[in-house]
Amino acid sequence: MGQLSHTRLRCFCVVSTALVALLAYYVYIPLPANISDPWKLMLLDATFRSAQQLSQLIQYVGLSHHLIALNFIIVSFGKKSAWSSPNVQITDTNFDGVEVRVFEGFPKAKEPLKSGIVYIHGGGWALASARISYYDELCSKMAEELNAVIVSIEYRLVPKVHFPEQLYDLDRATKYFLQPQILEKYSVDPERIAISGDSAGGNLAAALGQQFCKDESFRNKIKLQALIYPVLQALDFNTPSYQQNMNSPILPRHVMIRYWIDYLKGNQDFVPAMVVNNHTSLDVEHAATLRSRLNWLSLLPASITKDYKPVMQTVGNTRIVQELPQLLDVRSAPLIADQEVLQNLPKTYILTCEHDVLRDDGIMYVKRLESAGVDVTHDHFEDAFHGCMIFTSWPTNFSVGIRTRDSYIKWLKQNL
Ligand SMILES: *[C@@H]1O[C@H](CO)[C@@H](O)[C@H](O)[C@H]1NC(C)=O
Ligand SMILES: *[C@@H]1O[C@H](CO)[C@@H](O)[C@H](O)[C@H]1NC(C)=O
């Protein structure tokens, strides 16, 4: 080997070591010791982060809105067309103009009627689809295991539509499904219908549940609600779980705040102020009124608030809630509903993850529902991260993904 190729080789080694180091730096995030499958989670998070950054770049060069670009990446990777297995029939159709994917389990036993579940997928009100493999597989599994009909609603997303349009889509499709002749068509027992959703879908399911129970003619049509790591409030981005998990994978705090702002069609410049709770400071009239009705931090158990320092600003930024009053609208933040509304809610299941900014949203809602006399099952997973329940298949299979999904389905089996 000549002098030149030696130099080249050395050069190659230096460059590749640098690249590996850079990649490792990019992929590596410190994770709690007990979290499920940490290395796999780092890779999943790094993949999601790079897709987010690529989408930001696409927006920066003016090609498309970053959320449209990101959703395009997600959907093109994971799209699954309607298919049928010996155990489940899957059909794409529309309910009163709203697209839905319907999963019908074939009865194993000779049971005449099936249960029905309206499912609302997550994705920050802006991402994912009933038709990507993650949700398709979840709903197929549910249809099969529960001998149920699952209506997974393909509601319109941000930035095409904003709050409360998503809720209008869900309301229309659900009311269509609940009509006696439609239930009959699908062989669904009108006495065994649930609403469910994960993450932003859990937010929408909770809001829809409240709307239905305010309405005399729908109040008794929903037997159960099941909320998976739901988003429930925008009052406080410094709850103990927001503080502990501000940099946690999949859903760091600033990303959650961005989803909120986009959902409500607000200005992203508000993010830094909202990180420090300047939007609900003591001088914000609307927030002060709410605080006098609901001391949300008192809803958390002492084991969580033990060494906790709440972030409550005396003076903040009154412009944020003026421009975005929807931040404190019960339809976007179901946690703040009146007790009279909560007490009419059906039996409820809430799943929370320890390593999730939204953990305390869920815990606070459990507490409020219990106080209102609702029968609540709280299912908490110590090694879980936000979004885990859909990650059950190789290569993104997580032990906690399978355990959360099975626990959720088991509760439905016992209660629906
Ligand atoms: C929060 O509000 C205070 C008072 O208006 C202001 O001094 C501070 O800079 C704000 N913080 C952020 C991060 O916007
Ligand atoms: C994921 O699936 C692969 C292949 O089926 C399996 O070998 C592996 O143990 C699974 N990992 C987890 C965490 O479940």
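When reading the values below, keep in mind they use all heavy atoms of this one structure, side chains included, and skip hydrogens, waters and symmetry mates. Atoms within each ligand, like the ligands themselves, are counted from 1 in listed order.
- Ring planes of Trp125 and Tyr263: parallel class, angle under 30° (limits at 30 and 60°).
- In this structure, a donor-acceptor pair under 3.5 Å is absent between the side chains of His355 and Asp383.
- Within 4.0 Å of ligand 1, heavy atoms belong to protein residues Pro272, Ala273, Val276, Asn278, Val315, Gly316.
- Judged by the 6.0 Å and 45° rule, Arg49 forms a cation-pi pair with Tyr26.
- Both the backbone and the side chain of Asn397 come within contact range of ligand 2, each with a heavy atom under 4.0 Å.
- Close approach of ligand 2 to Trp394 (heavy-atom distance below 4.0 Å) involves ligand atoms 1 (C), 2 (O), 3 (C), 4 (C).
- Using a 4.0 Å cut-off between a side-chain N of Lys or Arg and a carboxylate O of Asp or Glu, Asp37 and Lys40 do not qualify as a salt bridge.
- Close approach of ligand 2 to Asp37 is summarised as follows: ligand atoms under 4.0 Å from at least one heavy atom of the residue are 13 (C).
- The residues Lys410 and Asp406 are annotated as not salt-bridged, no charged nitrogen and carboxylate oxygen being separated by less than 4.0 angstrom.
- Lys175 has no carboxylate O lying under 4.0 Å from a charged side-chain N of Asp96, or vice versa, which leaves the two without a salt bridge.
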Result block: side-chain N/O donor-acceptor pairs under 3.5 angstrom for residues 371-378, not counting sequence neighbours:
| residue | atom | partner | partner atom | Å |
| --- | --- | --- | --- | --- |
| Ser371 | OG | Lys367 | O | 2.9 |
| Thr377 | OG1 | Trp411 | NE1 | 3.0 |
| His378 | NE2 | Thr352 | OG1 | 2.7 |

